[in-house]
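Convention: sequence-line order gives letters A, B, ...; per-chain numbering from 1.
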2 protein chains.
Amino acid sequence: MNFSIAEENYIKAIWRLQQSDANVTTNELAAELQTKPASVTDMLKRLSEKKLLNYAPYYGVKLTADGKKLALSIIRKHRLWEYFLVEKLQFNWDAVHDIAEELEHVSSPELIERLDAFLGYPKADPHGDPIPDSKGRMTSISNLTLQQLPEAQPAIVTGVGDQSSSLLELLRQKNIGIGTKLEIKQRHAFDGSVEIKIRNQPLINLSEQLAKNILVKPQ
Amino acid sequence: MNFSIAEENYIKAIWRLQQSDANVTTNELAAELQTKPASVTDMLKRLSEKKLLNYAPYYGVKLTADGKKLALSIIRKHRLWEYFLVEKLQFNWDAVHDIAEELEHVSSPELIERLDAFLGYPKADPHGDPIPDSKGRMTSISNLTLQQLPEAQPAIVTGVGDQSSSLLELLRQKNIGIGTKLEIKQRHAFDGSVEIKIRNQPLINLSEQLAKNILVKPQ
DNA sequence: ATTAAAATTTAGACGAAACTAAACTTTTTT
DNA sequence: AAAAAAGTTTAGTTTCGTCTAAATTTTAAT
């Protein structure tokens, strides 16, 4: 079975929303895909015909096993291409998302298997998100945020909360990336901001909003 | 200006046909693109609106300067991706055309510049076709075929007549590729076939049809 | 338990890119 | 130069993915 770019984008968006929200609604999807609710309804009917999801009018939508499989194969392609763009073509991590959005729709399965081998079977993309294997299996990712980390507990950055370029650019400027070791020196009750220490660097202050969007693994 | 995949494919096909045929006709295009003449007429009107070509009803079509520029940028992308697929991902040269057909429509100009640098600014794709530079400049390729090569004149293979997988597979099987050194030992008047010698290998016979589709440069 | 508000779907339309069948031009043949 | 053949365009549909406006259903509020 072969799917259009629009169809693949819907499946991917539904998968993403399904992670936090068991039942995905028409309006959520319209917002996520920058389109109108009426368009979403149309497409949901088509995808339901194709057995990629179960659609209950007025009550939202859920991916079938086939739908999940497709979603994971697209996510695999997206994240492998992101890894390629950063590791081989030297792109900054905040510049690769849009390009990978296009590359992920190239359909050859052999291309992806060879790309995976060429890259050395990476486990995670440049933002720390895990890369599903060819069977769709994926190791789940740390869900402790920097904000939740206890004071004086050394930790390593494993991911980010979202892929917005405003967030990624800010982190790059502050010299924080995947693998950065840090610890919280002080927490300010007033605004929830934290003072963190990175090896060899002066203390820096991160807002609560930012700390919530940095995923860490205690060491 | 941004163009659809269908539009880009038309421009590319017109460019290709324009190489041999000054004026490209509706029927030729329909055959090349595996579509119907009526569909071609529709698209030619649209592309003419967009100033990519000059369209004279009933008399055929010619690319404008803008159209040529676009064609060369697509060809550049196609050939760089083919080079990547063969050199980095170890694909056989007869397996890369279809994948590159998809990759060539990914739009980021920065991606292509970085890919070019990553690959070491290659001059030709795996079939020996020259890769246009970012300005659209392209060194023209040898147009002497093996069939035209004098007997006992050593030469090096620089390209192939077309990209059909039947041709490429045959050449691969006979151990002939870009860069192969060979010379003609004997020419058979009866069927136009030639006996060629490749270093350290026994004589092999190539049909006239095949010899016409191998491009060579005398040494 | 009505009513008001929010969310969702239906109906009807549109542009892109394709198609078939019919009409029209150009070219070739006689 | 007229007729036949070949090539091309026009007219009218189709499918995909989108839209707006109107109708409907669900949820929240009084």
Can you tell me how far C1' of D:dT8 sits from CG of B:L44, to the nearest Å?
11 Å
Grab the CG-P distance between B:N2 and C:dG15 for me, whole Å please.
20 Å
A:F3 CZ to D:dT15 C1', straight-line distance once rounded to whole Å
17 Å
So, A:D94 versus A:S165: side-chain donor-acceptor pair below 3.5 Å or not?
no
Let me know, please, whether A:Y58 or A:P37 comes out on the 5' side of the other along DNA chain D by nearest nucleotide.
A:P37
Give a yes/no on whether any side-chain N or O of A:K36 is located under 4.0 angstrom from OP1 or OP2 of D:dT18.
no
Between C1' on C:dA16 and CG on B:N9, what's the gap in Å once rounded to a whole number?
15 Å
Check: A:S108/B:E102 side-chain N/O donor and acceptor closer than 3.5 Å
no
Under 4.0 Å, counting only non-hydrogen atoms across every strand here, what does A:P57 touch: a base, just sugar-phosphate, or nothing?
sugar-phosphate
Is it true that A:H127 and A:H97 have ring centroids separated by less than 6.0 Å?
no
May I ask you to evaluate whether B:S4 reaches the phosphate of C:dA17, defined as a side-chain N or O under 4.0 Å from OP1 or OP2?
yes
Is there a side-chain polar atom (N or O) of A:N27 under 4.0 Å from OP1 or OP2 of C:dT8?
yes
Looking only at side-chain N and O atoms, does A:T26 come under 4.0 Å of OP1 or OP2 in C:dT9?
yes
What does B:S39 touch in the nucleic acid at a heavy-atom separation under 4.0 angstrom: a base, only the sugar-phosphate, or nothing?
base
Is the distance from OP1 or OP2 of D:dC19 to the nearest side-chain N or O of A:T35 less than 4.0 Å?
yes
Examine B:Y83 together with B:F118 and report whether their ring centres are nearer than 6.0 Å.
no
With DNA chain D as reference, determine whether A:E7 or A:Y59 sits nearer its 5' end, using the nearest nucleotide of each.
A:E7
Any luck finding a side-chain donor-acceptor pair between B:D66 and B:T64 under 3.5 Å?
no
Distance below 4.0 Å between A:R46 side-chain N/O and D:dC16 OP1 or OP2
no
Rounding to a whole Å, what distance do you find between A:I5:CD1 and D:dT18:P?
11 Å
Flag for A:N27-A:T25: side-chain donor and acceptor within less than 3.5 Å:
no
Residue B:M43, side-chain heavy atoms: nucleotide from C:dA11, C:dA21, C:dA17 that is nearest
C:dA17
For atom CG of A:N23 and atom P of D:dT26, their distance in whole Å
14 Å
For atom OH of A:Y55 and atom C1' of D:dT25, their distance in whole Å
12 Å
With respect to the phosphate group of D:dT10, does any side-chain polar atom (N or O) of B:T41 fall under 4.0 Å of OP1 or OP2?
no
Length of the CD-C1' vector between A:E28 and C:dA6, whole Å
14 Å
Would one find a side-chain N or O of B:K45 under 4.0 angstrom from OP1 or OP2 of D:dT10?
yes
